[in-house]
Colleague: 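Input: one structure, supplied below.
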Number of protein chains: 2
Amino acid sequence: MNLKELSALLGLSQTTVSRALNDYPEVSEATRRRVKEAARANNYTPNTRAKGLATGRSMAIGHVIPISTRHEIVNPIFADFIAGAGEIYTAGNYDMLLSVVPDVDEERTYRTLAARGSVDGVILHGPHADDRRIPLLRELGLPFVVHGRAGHEEDSYSWVDVNNTRAFRRATDFLLDLGHRRIALVNGLESMDFARRRRAGYEAALKARGITPDPALMRSEEMTEDYGWRAARDMLADENPPTAFAVSSMLTAIGVRRAIGDAGLEMGRDVSVVIHDDVLSYLKNGGDIPIFTAARSSVHEAGRLCAEMLLRIIAEPAPATPRHLLLESELVIGSSTGPAPTG
Amino acid sequence: MNLKELSALLGLSQTTVSRALNDYPEVSEATRRRVKEAARANNYTPNTRAKGLATGRSMAIGHVIPISTRHEIVNPIFADFIAGAGEIYTAGNYDMLLSVVPDVDEERTYRTLAARGSVDGVILHGPHADDRRIPLLRELGLPFVVHGRAGHEEDSYSWVDVNNTRAFRRATDFLLDLGHRRIALVNGLESMDFARRRRAGYEAALKARGITPDPALMRSEEMTEDYGWRAARDMLADENPPTAFAVSSMLTAIGVRRAIGDAGLEMGRDVSVVIHDDVLSYLKNGGDIPIFTAARSSVHEAGRLCAEMLLRIIAEPAPATPRHLLLESELVIGSSTGPAPTG
DNA sequence: CCGATTATCCAAAGCGCTTTGGAAATCTCC
DNA sequence: GGAGATTTCCAAAGCGCTTTGGATAATCGG
């Protein structure tokens, strides 16, 4: 069923039917009701492509998911982020277009997306410290929101980010307050902006207590379980092992916990662990009592907020000033932390 | 830059330019080269919507991701599956359209997808034992491939599935060979087809050795870490605890391991664990030596295969006979299994 | 060198929708 | 009752592409 058929059926012109359906005022209430009723009855929905062609809008938002060619890893937070964003798109009658591309092809993907006009805007994932995609998107004139920030010129584009620096500052402070002095940082890839900020928070906390950060206690890698295990195993085997770990993701922390167990130690008693918890739906941080003491910030919620911000930007008539949203994480105390062992 | 502008620039008609770009034979090689060169130089890419409108195809594949309203969970295998499928779509010049919807709205979503003509086909995720979406899609005339199977009429639609029954039959046999007699099943939701098959394999193995499956040793839930922990904790606290667990996912098994540790036991010595491993990119089963003994089958690969099958079906002129692909998982021996403790 | 192929290109219609610029019908008010 | 305002509807153009049905130019056999 298309517009032509529907209007023939109703004995009205396509114009009137279209206007009735799109709530234009030039049509009487009686006609509008009759048209809408017929549309529902005949299961009529306007063809997306035709509508898009006529309006010049695609009613779709693009997400480009880069596959790291070196690591072949899909970021596990991705599913929950998408779920959050997807809710907003569905509510706003937008589609979500996903492109899974090797990270080296990303630039080309954005160019094609813009040239084809297949999306009205994009969400930028996983910004690097100085991300080339940001100037590219600006050049392409494609509205976008960054999930996270790049190091420079934060004011010149729109973003939604967690206060990573403060989160790790607080987490580290918490460990310091418990008497820990040798605190390890099991960080994400420090080519990523969020990881740099977390390290900055970690180092600031140490320095504020007169402790010089020890490079032997810092790791930076893609945040897998295996990485957490290796990092913790190696550091614990050291002659001067850490008594606490600040870990960038729950998954990595599960590996850290495994290494602690393998070393015959007990988490929360012999070794403390604080983590950043993205509140992934399939990886809840325990039930009533959290397993891990954590700086908690929902990535699902971040997805919603990014999507909302982007749709708002697209709806604006003129390209207005960039929007920013800095989310604060919440520190929850679990059973993975305790006073530093004495002696 | 659009077709009109490009052809004006070249002094050719739109027809010729279009034909040159789409490799029609009615245009000379010299002209074709000239046109393609100009297209590249001017960064011309045909508008998706216009092309779709003219050809009647959308060059997009839909994935409907249901959010369980009861559990609010996104299946963690999803990211890797999508990544696999996405590779194929990108290579075949298809887009991927994602709809994240509450499971109760799924039917409506498929109807709209079909009415709007926004996709040329869909992948059906997580089929239930008797899935209503399959007849719906057939009714809508939308080409589709099921990732998994529904209980009935397997021959009447196309699917890609793992041999779940055999996988759990073998895994359970492996435990039985090690002398285990009280083997627990920590299964996924048994409203899902895959979970039913896994249970069938598990029970068949037990029965073949004259063991009656004990309902007290069987659990069925959404496969989270927390669930694994609760299930194992409860069963281990029983007066007649299991000596081994067959677990439906790695994430759940991580919870099982946690419970084993909490109970003061050691995995692989006191309690054995076999799992189904989907080879998620961010959740590798250890390095050289697998942590868990596992029936392994890559969901990333399954994504690729589903996508390939669907594109092939779409490319077919007439709706041909359904295609099927039954993948066998590989049993890998890790350090989570050992002989049943005696006495 | 001429009619018949063949190679090369083009004008225009059409995909399903929105939207501009009226026209016809109804209403308003003196 | 009729000029003007208002309501209600419509024909047709246009969005950017593909494709049908020619037209024109180049090539060929005899």
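Numbered from 1 within each chain, the chains take letters A, B, ... in sequence-line order.
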Colleague: Please give, in whole Å, the distance from D:dA25 P to B:Leu12 CG?
Modeller: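 It is 15 Å, rounded to the nearest whole Å.
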
Colleague: Please determine whether any donor N or O and acceptor N or O are separated by less than 3.5 Å between the side chain of A:Thr15 and the base of C:dT18.
Modeller: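 No such pair is found, so the answer is no.
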
Colleague: Please report the distance, rounded to the nearest Å, between OH in A:Tyr24 and P in D:dC10.
Modeller: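 After rounding, the reported distance stands at 17 Å.
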
Colleague: Among C:dC10, C:dT19, D:dG16, which is the nearest nucleotide to the side chain of A:Arg19?
Modeller: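 Closest of the options to the side chain of A:Arg19: C:dT19.
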
Colleague: Treating A:Arg149 as the side-chain partner and A:Trp159 as the backbone partner, does any N or O pair qualify as donor plus acceptor under 3.5 Å?
Modeller: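 Side chain of A:Arg149 to backbone of A:Trp159: no pair is present.
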
Colleague: Quick check on D:dT18: is either OP1 or OP2 less than 4.0 Å from any side-chain nitrogen or oxygen of B:Ser18?
Modeller: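 For D:dT18, OP1/OP2 do have a side-chain N/O of B:Ser18 under 4.0 Å.
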
Colleague: Please give, in whole Å, the distance from C:dT19 P to A:Asn22 CG?
Modeller: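 In whole Å, C:dT19 P lies 8 Å from A:Asn22 CG.
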
Colleague: Side chain of A:Val27 only, heavy atoms from C-beta on: which candidate in C:dT8, D:dC9, C:dC17 is closest?
Modeller: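 So the side chain of A:Val27 is nearest to D:dC9.
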
Colleague: Would one find a side-chain N or O of B:Thr31 under 4.0 angstrom from OP1 or OP2 of C:dC9?
Modeller: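 Checking B:Thr31 against C:dC9: at least one side-chain N or O falls below 4.0 Å of OP1 or OP2.
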
Colleague: For a quick test of reading the model: is some side-chain N or O of B:Tyr44 closer than 4.0 Å to OP1 or OP2 of D:dC17?
Modeller: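 Checking D:dC17 against B:Tyr44, a side-chain N or O does come within under 4.0 Å of OP1 or OP2.
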
Colleague: Closest approach to the side chain of B:Leu53, judged atom by atom: which nucleotide of C:dG16, C:dT8, D:dC17 is it?
Modeller: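 Output: C:dG16.
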
Colleague: Is there a side-chain polar atom (N or O) of A:Lys4 under 4.0 Å from OP1 or OP2 of C:dG16?
Modeller: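 Looking at the OP1 and OP2 atoms of C:dG16, neither is under 4.0 Å from any side-chain N or O of A:Lys4.
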
Colleague: Can you tell me if A:Thr16 touches the phosphate of D:dC9, counting only side-chain N or O atoms and a distance under 4.0 Å to OP1 or OP2?
Modeller: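 Looking at the OP1 and OP2 atoms of D:dC9, neither is under 4.0 Å from any side-chain N or O of A:Thr16.
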
